[in-house]
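Not measured: the values here are computed from a predicted model.
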Amino acid sequence: MMHLAYLDAGSGSLIVQAVVGGVAGAAVAAKLYWRRLTARFRRQHTDRS
């Protein structure tokens, strides 16, 4: 059985937009979680007077 598919410019644009949005969202989420992860391992400065 042969399946033929056609993507017009609107469909292609929607797919590209979804991929770019997903990559941007993943980058923002990674940035937030990276800061939380590194904050746990940072040393806390204590004042010794």
Side-chain angles (χ1 to χ4, degrees):
M1 182 178 251
M2 187 176 191
H3 295 284
L4 299 176
Y6 172 74
L7 292 176
D8 62 349
S11 299
S13 175
L14 183 66
I15 292 169
V16 170
Q17 184 177 357
V19 169
V20 170
V23 169
V28 170
K31 182 179 177 182
L32 290 174
Y33 286 116
W34 181 256
R35 286 190 180 184
R36 288 183 184 178
L37 180 66
T38 56
R40 290 183 183 211
F41 296 110
R42 280 196 194 130
R43 292 186 180 182
Q44 298 290 330
H45 293 285
T46 56
D47 293 331
R48 292 185 182 184
S49 300

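Expressed to the nearest 0.5 Å, how far CH2 of Trp34 lies from OG1 of Thr38 amounts to 6.5 Å. Atoms CZ and NZ, from Arg36 and Lys31 in turn, are 13.5 Å apart once rounded to the nearest 0.5 Å.
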Just list the side-chain donor-acceptor pairs under 3.5 Å for residues 7-23, sequence neighbours left out, or say none.
from	atom 1	to	atom 2	distance (Å)
Asp8	OD1	Ser11	N	3.1
Asp8	OD1	Ser11	OG	2.8

